[in-house]
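Nothing here was measured: the structure is a model prediction, and the numbers come from that model.
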Amino acid sequence: MSNRENVMTRGSRILRVWLDREESPSQAGFAVEVGVTQSAVSNMVRGYQRPSLATACLIQARTSGAVVVTDWLDDDEASKHSSLERAAG
């Protein structure tokens with residue numbers, strides 16, 4: 001077991017389910033499509049790594065919005081984002 005911190009985000013969970021679908025590419029194929037390594041994708045779906053903003057945007061585009069950029073925020077960040085969205089009206 002790794003000593004890395006495991007932070008499962010909504011993005012981690014949704015991407016794992018999306019990749020497990022029969023018509024989805026393999027982790028290696030998906031990694032090529034979004035410009036990262038297969039190990040980076042594996043770490044993302046296991047909650048050991050979050051994508052950069054640029055990669056999160058590519059993931060959102062490749063998954064046709066099934067995994068959106070804000071899905072990668074942890075609970076505290078998501079709460080702040082929701083508050084800012086409400087304040088912006």
Side-chain angles (χ1 to χ4, degrees):
M1 186 76 156
S2 172
N3 288 331
R4 294 178 288 184
E5 182 180 351
N6 183 323
V7 181
M8 290 296 291
T9 62
R10 178 176 164 83
S12 298
R13 292 185 297 270
I14 296 171
L15 183 58
R16 183 177 54 241
V17 169
W18 190 87
L19 286 168
D20 285 344
R21 297 179 325 163
E22 190 171 312
E23 64 274 9
S24 293
S26 65
Q27 283 188 5
F30 184 77
V32 169
E33 293 174 1
V34 297
V36 299
T37 63
Q38 183 277 325
S39 63
V41 172
S42 176
N43 286 332
M44 286 179 218
V45 300
R46 293 183 306 150
Y48 291 127
Q49 178 179 340
R50 288 192 279 176
S52 67
L53 178 57
T55 301
C57 291
L58 290 170
I59 290 170
Q60 179 173 316
R62 176 57 186 92
T63 63
S64 301
V67 183
V68 297
V69 172
T70 55
D71 287 338
W72 297 101
L73 301 176
D74 64 27
D75 291 340
D76 289 340
E77 293 168 328
S79 176
K80 290 175 189 174
H81 182 266
S82 292
S83 295
L84 289 171
E85 278 187 329
R86 283 192 296 275

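At a threshold of 4.5 Å between non-hydrogen side-chain atoms, the residues R62 and W18 count as touching.
Remark: L58 CG to T63 OG1 distance equals 10.5 Å, nearest 0.5 Å. Once rounded to the nearest 0.5 Å, the distance linking OG1 of T55 with CE of M44 reads 6.0 Å. How far CG of N43 is from CD of Q38: 9.0 Å, rounded to the nearest 0.5 Å.
Pairing each heavy atom of A66 with each of I14, the nearest pair is O-CG2, 3.3 Å. M8 and V45 get closest at one heavy-atom pair: CE-O, 3.7 Å. Among all heavy-atom pairs drawn from S12 and G47, the shortest one is OG-CA, 3.8 Å.
Side-chain N or O atoms of Q27 include none that pairs as donor or acceptor with a backbone N or O of V41 at under 3.5 Å.
For CD of E23, the number of neighbouring non-hydrogen atoms (other residues, nucleotides, ligands) closer than 6.0 Å is greater than 12.
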Audit row: I59, F30, side-chain contact (heavy atoms from CB on, under 4.5 Å) steps and yes/no: CA-CA 9 Å; I59 290 170; F30 184 77; 4.0 Å; yes
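S42 and S39 share no donor-acceptor pair across their side chains, judged by distance under 3.5 Å alone.
Under the side chain to side chain contact (heavy atoms under 4.5 Å, CB included) test applied with R10, the options V67, L73, D71, V68 reduce to a single match, D71.
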